[in-house]
Amino acid sequence: MREQTYTVQGEAVRIHVVEHESDLTRFKDFVRRHLRGLAVDSETTGLDIYAPTNRVRLVQFGNKTDAWVVPVEHGRPFEEAARRALLGLDQLVIQNASFDLAVFDRHLGIPQEQLWDKTVDTQILAKLIDPRARDKGGIGTSLEDLTDHYISTEIAAEVKGLMARLAKEHKTTKTKIWKLIDLAHPEYNLYAGMDCILVARLVGMLLPRIPHSARDLISFEHEVAEICSSMARTGFLVDVEYTRALSSRLSADEQRFTEIARSFGCDNVNSTEQVADVLEHRGVIINGRTPSGKRQVNSTLLDTLVAQGDQFAKAVKEAKRARKWRTTWVDTFLREMDVDSRCHASINTLQARTGRMSITGIPAQTLPAGDWIIRRCFIADEGQLIASVDYKAQELRVLAALARDQTMIRAFAEGADLHMMTARAAFGPEANDKQHRKIAKTVNFGRVYGGAAKMVHEATGISMDTAKSVVDAFDRRYPGVAAYSRQLAKVAAGQGYVTTPSGRRLPVDPSRSYAALNYVVQSTSRDVTCRGLVKLHRAGFTPYLRLPIHDEVVASLPSDRANWGADRIANLMAEQMGPVLVDTDPEVGSRSWGSLYGAEH
DNA sequence: CAGGTTAGCACC
DNA sequence: AAACGGTGCTAACCTG
């Protein structure tokens with residue numbers, strides 16, 4: 001038994017480090033005296049909790065003044081004491097609970113479902129107060145940021161620097177120190193114990209600061225986090241044979257095109273500088289400049305050259321593409337998958353300032369949509385088929401409902417082609433060719449993003465004058481949208497934030513109040529998808545869900561009931577928003593995800 | 001040389 | 001009057 005003391009907000013706090021089995025008696029006494037709730041944290045060998053070598057090392061429990069550090073790595077009795085404490089407590093307060101509950105599930109055998117109901121996640125609370133990261137002008141939502149803002153700048157800096165310093169002392173990196181550090185190292189134990197003490201202090205400060213409008217979101221967001229944690233735990237099955245073959249094929253492609261680029265005098269196709277040098281040497285005039293003033297060589301330029309038959313530009317494009325696809329996706333899947341060939345995404349349910357999710361591990365939100373070869377890596381479970389249900393034009397329907405724009409509402413009710421409708425408003429009743437529709441589509445989405453004529457001009461290549469008239473036509477055709485945008489911008493400029501129908505408060509930079517419309521539309525769309533997830537969860541579909549991707553849910557469904565399941569999922573997800581039905585579209589493929597994008601199986 | 005920044009590109 | 005919203009990942013490059 002060892003006791004370390006420290007001072008927080010002028011108050012002495014104690015870290016009790018369990019050393020021997022006999023120390024557990026006092027630990028259990030502490031837990032018994034605080035059954036109503038404690039802050040909890042864990043330390044593992046690394047963030048890759050599904051890797052075969054990953055282990056949990058410490059589990060910590062604490063209140064505002066005392067933390068107990070339990071060295072579960074030392075074996076059974078310690079592990080058992082931590083397990084009993086987790087199961088016995090009435091409430092757990094955890095910073096980023098998704099991680100620790102996954103650790104307890106995987107390493108201590110406590111199903112997440114048993115703990116989520118009694119968990120309060122301080123990160124969720126913090127995001128309902130200010131969803132922005134620190135570098136985006138907000139308070140930030142990491143424990144370090146929250147400590148800095150609500151408790152003490154010094155302690156935040158000290159705790160942050162602590163593990164970095166230990167890493168340096170051990171001549172290793174910040175990612176590797178977690179498994180190398182001695183379990184009883186006093187500073188490591190201080191770091192571990194302080195987490196709980198800080199979290200225990202934060203929860204009481206965060207709760208009263210949550211806007212009244214957002215109070216119902218507290219339980220909602222905890223449920224969304226639970227559902228996504230469950231999906232992450234299930235993981236997505238990888239077709240290993242296909243994925244390995246694809247990796248080799250991409251390697252070969254990269255090598256072939258790299259050789260061609262080299263024959264033109266370019267050693268490194270990934271160096272924009274080198275590529276620019278070779279292009280200029282070949283007589284290409286590069287007009288574009290990056291924000292820092294360097295010559296810009298992007299896909300627009302390269303595509304133009306490829307269209308003119310430039311073999312060097314083609315080689316650069318192909319070599320870069322093959323490498324990116326292999327390293328960003330294919331090899332990541334092979335590296336990240338567990339012993340059962342499953343990849344576990346990490347889903348941050350409240351990542352963006354609008355509340356949008358982010359998915360890492362499987363970078364599901366950025367997989368190529370125009371080609372099936374990457375998605376073909378993921379397959380349904382044995383005896384199952386891949387299904388996908390997405391919302392039809394989700395953001396535009398949400399916009400129509402929020403802005404109460406009568407033209408848009410009618411268009412969706414009648415099943416009209418909204419892009420065509422904008423095209424006719426801009427180019428007259430005879431507008432019907434693909435080009436007009438494409439321009440109209442750009443304007444429809446662009447206006448939601450806050451873009452103006454310049455954006456349309458740059459994105460479509462039409463003249464600035466035509467772009468202006470198309471944008472004007474949009475604003476005249478959908479007067480409700482223009483009025484709603486003005487109203488939101490005014491509110492944002494006045495109070496610095498807007499509030500969504502769900503009660504979420506979204507800060508808006510005063511110099512960019514035009515962005516308020518997009519924030520509300522994007523955030524409300526996200527809420528629609530998440531309400532859909534909650535309905536699916538309550539109907540028992542969670543074990544079949546694989547990934548949520550913005551306006552879409554991907555599932556693996558038993559073959560004999562796949563069509564029934566996809567229809568049921570679609571019905572549950574669809575939501576009536578006032579006069580607008582935010583409708584859904586079910587799709588059932590074959591075994592692989594790629595089958596929904598044109599792959600054969 | 002770890003860690004941060006920039007540029008490019010993948011998505012909704 | 002004009003204003004393109006939100007992400008993640010890799011490689012190259014820069015810095016302390």
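Sequence lines set the chain letters: A, B, ... in the order given, protein chains first and strands last, and positions in each chain run from 1. As the structure is a computational prediction, the values presented were derived from the model and not from experiment.
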J.: Could you check how far CG of Leu517(A) sits from P of dA2(C), rounded to whole Å?
T.: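 Computing the Leu517(A):CG to dA2(C):P distance gives 18 Å.
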J.: Distance check needed: dT10(C) C1' versus Leu250(A) CG, whole Å only.
T.: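 Rounded to the whole Å, the gap is 15 Å.
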J.: Give the rounded distance in Å between these two atoms: CG of Asn444(A) and P of dG5(C).
T.: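 Taking CG of Asn444(A) and P of dG5(C), I get 18 Å after rounding.
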J.: Can you list the steps and then say if Glu221(A) with Lys127(A) is a salt bridge (charged side-chain N to carboxylate O under 4.0 Å, His left out)?
T.: CA-CA 10 Å; Glu221(A) 292 303 340; Lys127(A) 296 212 173 191; over 6 Å; no
J.: With sugar-phosphate meaning primed atoms plus P, OP1 and OP2, does Tyr519(A) contact a base, only sugar-phosphate, or nothing at under 4.0 Å between heavy atoms?
T.: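 Sugar-phosphate contact only.
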J.: Between dA12(C), dG3(B), dT10(C), which one does the side chain of Asn270(A) approach most closely?
T.: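 The closest nucleotide is dA12(C).
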J.: Please output the side-chain donor-acceptor pairs of residues 452-460 of chain A that fall under 3.5 Å, not counting sequence neighbours, one pair per line with the distance.
T.:
unit_1	atom_1	unit_2	atom_2	d
His457(A)	ND1	Ile462(A)	O	2.7
Thr460(A)	OG1	Val456(A)	O	2.6
Thr460(A)	OG1	Ile462(A)	N	3.3

J.: Whole angstroms only, please: what is the CD1-C1' distance between Ile374(A) and dT10(C)?
T.: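 My rounded result for the distance is 14 Å.
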J.: Measuring from the side chain of Arg512(A) (C-beta onward, heavy atoms only), which nucleotide among dG6(C), dT10(C), dG8(C) has the closest atom?
T.: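 Ranking dG6(C), dT10(C), dG8(C) by closest atom to the Arg512(A) side chain puts dG6(C) first.
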J.: Taking atom P of dC9(C) as reference, at what distance in whole Å does atom CZ of Arg323(A) sit?
T.: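 Distance check: Arg323(A) CZ to dC9(C) P gives 17 Å.
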J.: With ring pair (Phe, Tyr, Trp, His ring centres under 6.0 Å) as the test, would you mind laying out the steps for Phe333(A) and Phe378(A) before giving the verdict?
T.: CA-CA 9 Å; Phe333(A) 306 155; Phe378(A) 291 101; 4.6 Å; yes
J.: Round to the nearest Å and state the distance from Glu273(A) atom CD to dA11(C) atom C1'.
T.: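 Taking CD of Glu273(A) and C1' of dA11(C), I get 14 Å after rounding.
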J.: With heavy atoms under 4.0 Å as the rule, sort Arg353(A) into base, sugar-phosphate or nothing.
T.: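 Since only primed, P, OP1 and OP2 atoms lie under 4.0 Å of Arg353(A), the category is sugar-phosphate.
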J.: Grab the CG-C1' distance between Asp472(A) and dA1(C) for me, whole Å please.
T.: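 Taking atom C1' of dA1(C) as the reference, CG of Asp472(A) is at 12 Å.
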J.: When you check the phosphate oxygens OP1 and OP2 of dC13(C), does a side-chain N or O of Ser271(A) lie under 4.0 Å from one of them?
T.: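 For Ser271(A), the contact criterion (side-chain N or O under 4.0 Å from OP1 or OP2 of dC13(C)) is met.
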J.: Listing request: all ring-ring contact (aromatic ring centres under 6.0 Å, His included) pairs with a residue in residues 481-502 of chain A, at least two apart in sequence or in separate chains.
T.: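 As it turns out, there is no ring-ring contact (aromatic ring centres under 6.0 Å, His included) pair with a partner in residues 481-502 of chain A once direct neighbours are skipped.
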J.: Just checking, is any N or O donor in the side chain of Ser251(A) or Arg326(A) under 3.5 Å from an acceptor N or O on the other one?
T.: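 Their side chains do contain a donor-acceptor pair, which is all the 3.5 Å distance test asks for.
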J.: Give me the distance, rounded to whole Å, that separates dC11(B) from dC4(C) when you measure between the C1' atoms they each carry.
T.: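 Between the two C1' atoms, the distance is 15 Å.
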J.: Just the rounded figure in Å: distance from C1' of dG3(B) to CD1 of Ile177(A).
T.: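 So the two atoms are 17 Å apart, to the nearest Å.
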J.: Verify whether one side chain among Ser247(A) and Asp331(A) offers a donor that lies under 3.5 Å from an acceptor in the other.
T.: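 Yes, a side-chain donor-acceptor pair sits under 3.5 Å.
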J.: Any side-chain N or O of Asn268(A) below 4.0 angstrom from OP1/OP2 of dA11(C)?
T.: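 Indeed not, no polar side-chain atom of Asn268(A) lies that close.
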J.: On a heavy-atom basis, which atom in Leu533(A) and which in Cys228(A) lie closest, and how many Å separate them?
T.: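 Closest heavy-atom pair between Leu533(A) and Cys228(A): CD1-SG, 4.2 Å.
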J.: Would you mind building the protein contact string for nucleotides 5-12 of chain B? One character per nucleotide, 5' to 3', B for base within reach (heavy atoms under 4.0 Å), S for sugar-phosphate only, - for untouched.
T.: -SSBBBBB
J.: Does the side chain of Gln274(A) get closer than 4.0 angstrom to OP1 or OP2 of dA12(C) through an N or O atom?
T.: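 Checking Gln274(A) against dA12(C): no side-chain N or O falls below 4.0 Å of OP1 or OP2.
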